[in-house]
Amino acid sequence: MREVVLHVYDVTNNDSEKTNNTILQINRIFKDRIGLGGIFHSAVQVYGEEEWSFGFCENGSGVFNCPVSKNPMYTYRERIVLGETDCTIATVNRILRELSREWPGSSYDLLSRNCNHFCDVLCERLGAPKLPGWVNRFANAGDTAVVVAENTAVKFRQAKTEIVNASRVAYRFMAGLTSKNQASPESPGEQNRGSPTFQGTWLKNVVSAGAKPSSSGSTPSQEAEDAPPLQRQKSAEQPTRL
């Protein structure tokens, strides 16, 4: 019989330190104090000093391994002994090869096929108990909130840029119209129309206000590499991945 161990990490792979600190605070409150759950990454260890998990990559398998408790993407939290397996090392290697084919990195899904789901499947095939419920309980909701917030910020910045550009074009047009009118006498029929000078000034104020630098953070990029079965290669998970 061989011990099956789960290694749990706090998900702190976001480019924003503020976001990472918020996740740590959520985990401390909802897991450590209440015992309800949190936002976690997990990996399984069986035979040897390496842990196995799953993450997103565009090509190849999403199954990857790294030294126990040393995943550099996250903050290590704890070690949980799930149980034992009577699988031999040869059987474990076969199971990992099968899972490497069945879990391509491109199949990663935040809600239904993340690292915690992979660990559940691996434990099931090893004949060991599944993960404690709290490990994956808040992961979906937490990562979804982060992704939505980041996408909203990107769309806001794009819309703001478009508005500013349109305002600049309109301002240049109105400024040119004002110069033309100042060069020629104003006709009586145009005396009651809106003043181009006033409109140009208003648009200039819009441009000045809209051109202020945004304080929003940048959207993190995602990079990943293939992780062939039984080779020590890392596959980077999404900042917002579990």
Side-chain angles (χ1 to χ4, degrees), residues 1-13 23 26-27 30-32 35-57 60-71 73-89 91-144 146-147 224 227 229-230 234-242:
M1 301 290 285
R2 179 65 61 159
E3 202 171 59
V4 178
V5 179
L6 182 72
H7 295 279
V8 182
Y9 298 77
D10 293 304
V11 176
T12 53
N13 62 334
I23 291 174
I26 289 173
N27 289 351
F30 287 95
K31 168 56 176 66
D32 299 338
L36 190 58
I39 305 171
F40 304 109
H41 167 79
S42 63
V44 172
Q45 175 191 7
V46 56
Y47 287 105
E49 295 300 318
E50 295 181 345
E51 60 184 40
W52 294 85
S53 191
F54 170 74
F56 172 82
C57 62
S61 177
V63 178
F64 68 96
N65 65 327
C66 69
V68 169
S69 74
K70 302 299 183 183
N71 190 322
M73 295 283 292
Y74 310 108
T75 302
Y76 189 72
R77 166 172 277 265
E78 61 184 296
R79 174 184 188 272
I80 303 172
V81 178
L82 296 175
E84 294 182 332
T85 179
D86 58 3
C87 294
T88 65
I89 188 170
T91 301
V92 172
N93 284 335
R94 176 180 57 78
I95 291 172
L96 289 171
R97 285 194 297 269
E98 292 172 354
L99 292 176
S100 293
R101 291 190 295 269
E102 296 170 10
W103 290 70
S106 58
S107 70
Y108 179 90
D109 183 86
L110 180 65
L111 301 179
S112 62
R113 200 175 173 85
N114 61 32
C115 61
N116 299 316
H117 297 108
F118 168 81
C119 289
D120 260 343
V121 172
L122 175 54
C123 288
E124 182 179 13
R125 297 203 185 178
L126 293 173
K130 290 189 174 183
L131 280 60
W134 57 264
V135 174
N136 204 28
R137 186 168 292 140
F138 279 10
N140 296 337
D143 271 359
T144 299
V146 171
V147 171
L230 305 180
K234 293 194 324 180
S235 169
E237 290 192 31
Q238 286 290 353
T240 69
R241 298 179 4 207
L242 298 175

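Quick note: residue numbers are just sequence positions, from 1.
- Donor-acceptor pairing under 3.5 Å is lacking for the side chains of H117 and D120.
- Using a 4.5 Å cut-off on side-chain heavy atoms (C-beta onward), R113 and W103 make contact.
- Between D10 and R77 the shortest heavy-atom distance is OD1-NE, 3.0 Å.
- With contacts defined as side-chain heavy-atom distances shorter than 4.5 Å, the pair L6/V44 qualifies.
- In this structure, OG1 on T88 lies 6.0 Å from OH on Y47, to the nearest 0.5 angstrom.
- Note on ring orientation: taking the six-membered ring where Trp is involved, the planes of F64 and H41 are parallel (angle under 30°, cut-offs 30° and 60°).
- E98 contributes no side-chain N or O that, together with a main-chain N or O of R101, makes up a donor-acceptor pair within less than 3.5 Å.
- Considering only heavy atoms from C-beta on, L99 comes within 4.5 Å of R125 through its side chain.
- Atom-to-atom distance recorded for N71:CG and S53:OG is 7.5 Å, nearest 0.5 angstrom.
- Taking both residues in full, the closest heavy atoms of N13 and M73 are given as CB-O, 3.3 Å, listed atom of the first, atom of the second, then distance.
- Of all non-hydrogen atoms in K70 and Y9, the two that sit nearest each other are N-OH, 3.3 Å.
- The shortest heavy-atom contact between E50 and N65 is OE1-ND2, 2.5 Å.
- Of the possible polar contacts, one joining the Y76 side chain to the E78 backbone as a donor-acceptor pair under 3.5 Å is found.
- At least one side-chain heavy atom of N114 sits less than 4.5 Å from a side-chain heavy atom of N136.
- Looking only at distances, a side-chain donor or acceptor of T12 sits under 3.5 Å from a matching main-chain atom of T75.
- The side-chain heavy atoms of C66 and E51, taken from C-beta on, include a pair separated by under 4.5 Å.
- Annotation: side chain of D32 is not in contact with side chain of N27 (no heavy-atom distance under 4.5 Å).
- Nearest heavy atoms, K130 versus L82: O-CD2, 4.0 Å.
- The structure places OG1 of T91 at 8.5 Å from CG of D86, a figure rounded to the nearest 0.5 Å.
- Residues satisfying the salt bridge (Lys or Arg N to Asp or Glu O under 4.0 Å) test with R2, not counting sequence neighbours, are none.
- Between V63 and F118, the closest heavy-atom pair is CG2-CE1, 3.6 Å.
- To the nearest 0.5 angstrom, R137 atom CZ is 12.0 Å from N116 atom CG.
- Taken from OG1 in T85 to CD in E3, the straight-line distance is 12.0 Å, to the nearest 0.5 Å.
- Aromatic rings from F40 and W134 are positioned such that their centres are separated by under 6.0 Å.
- How far SG of C115 is from CZ of F56: 14.5 Å, rounded to the nearest 0.5 Å.
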